[in-house]
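Every number for a ligand or one of its atoms is a count from 1 in the order of the listing.
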Amino acid sequence: MRLSGAKRVVYKHLNMEDLRKQLTEHRKEGKRALIISDGVFSMDGDITPLPDIVKLGEEFDAMTYVDDAHGEGVLGDHGRGIVDHFHLAGKVDIEMGTFSKAIGAMGGFVAGDSDLMLLMKQRARPFLFSSALDAPEVGAVLKAIQILERDDSLLKKLWHNSSLLKTELSKIGLNTGNSKTPITPVMIGKESDTLEISRIIYEEYQIFASPIVYPTVALGAARIRLMPSALHSEHDILKTVEAFEKAARKIGLI
Ligand SMILES: Cc1ncc(COP(=O)(O)O)c(C=O)c1O
């Protein structure tokens with residue numbers, strides 16, 4: 001956005017009325033417009049209302065762009081991501097993703113129509129002035145995608161682990177916020193409590209769950225973000241919940 005020199009207008013989180021208001025106020029100021037959103041939001045695990053964004057894009061003649069770093073390998077059929085989850089194939093102009101989350105490697109991609117890709121290859125400075133991915137990384141990415149295409153059992157296990165974790169955490173009175181995905185924030189609030197819980201579960205249970213505090217999230221909205229994987233066992237999940245229960249009781253949170 002910065003490199004394009006375009007004017008930036010920010011709309012309120014998940015708020016389509018506000019997006020409409022901003023488009024109504026500002027759309028005429030430019031020849032082109034691009035509505036940008038994360039697909040899955042990294043800190044809360046909530047999901048953007050992509051069908052509404054696409055409709056507003058059509059209504060206001062604005063292109064659409066989704067950063068699906070946290071949706072790929074998680075949402076949609078065989079982990080195809082948020083565009084597939086909402087059955088919007090071909091309706092979102094640009095999809096950006098990373099291989100560093102569910103895919104388990106490094107690197108990323110931008111997908112769009114062939115004219116846009118040509119333009120990116122010729123003009124996108126961060127792409128032009130970066131080294132290419134190395135071969136082992138590309139091999140790992142291709143293999144991960146093949147596994148996802150072939151078999152969705154890992155995906156099912158991920159969602160099973162995620163719902164087990166959320167259900168068990170809420171049974172002991174902990175709040176996992178508005179997450180609609182396996183990203184599981186344990187909302188604690190105070191920064192010092194969050195650091196203390198993280199310390200207790202590391203020292204007493206050898207579970208490393210790093211605290212997320214201000215300025216990564218708003219002051220007073222500190223949390224410990226958990227991300228179950230398909231390779232965790234039920235035992236791992238229950239042990240984690242037990243550790244949280246013990247730590248939260250110790251500091252009087254529950
Ligand atoms: C929404 C979102 N997009 C992009 C990225 C960047 O991915 P990478 O670290 O693989 O460059 C991240 C986090 O790392 C993210 O949370």
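Residue L148 is not grouped with residue L154 when hydrophobic side chains (ILVMFWY) are merged at heavy-atom distances under 4.5 angstrom, including chains of intermediate members.
For the pair D44 and R223, the salt-bridge criterion is met [side-chain N within less than 4.0 Å of a carboxylate O]. Ion pairing between E204 and K246 holds under the 4.0 Å rule for side-chain N and carboxylate O.
Here M106 has no heavy atoms under 4.0 Å from ligand 1, in either its backbone or its side chain.
Among protein heavy atoms, the minimum distance from atom 12 (C) of ligand 1 is reached at K101 NZ, 3.7 Å. Counting protein heavy atoms only, atom 15 (C) of ligand 1 is closest to H70 NE2, 3.5 Å.
A donor atom on one side chain and an acceptor atom on the other are found under 3.5 Å apart for H13 and D46.
At least one donor-acceptor pair closer than 3.5 Å links the side chain of K166 to the backbone N or O of T181.
The closest heavy-atom contact to atom 5 (C) of ligand 1, among the options G97, A105, A69, comes from A69. Of the listed options I183, D67, T98, T98 places a heavy atom closest to atom 11 (O) of ligand 1.
Backbone and side-chain nitrogen or oxygen atoms of S100 are examined, and one is located within less than 3.5 angstrom of a nitrogen or oxygen of ligand 1.
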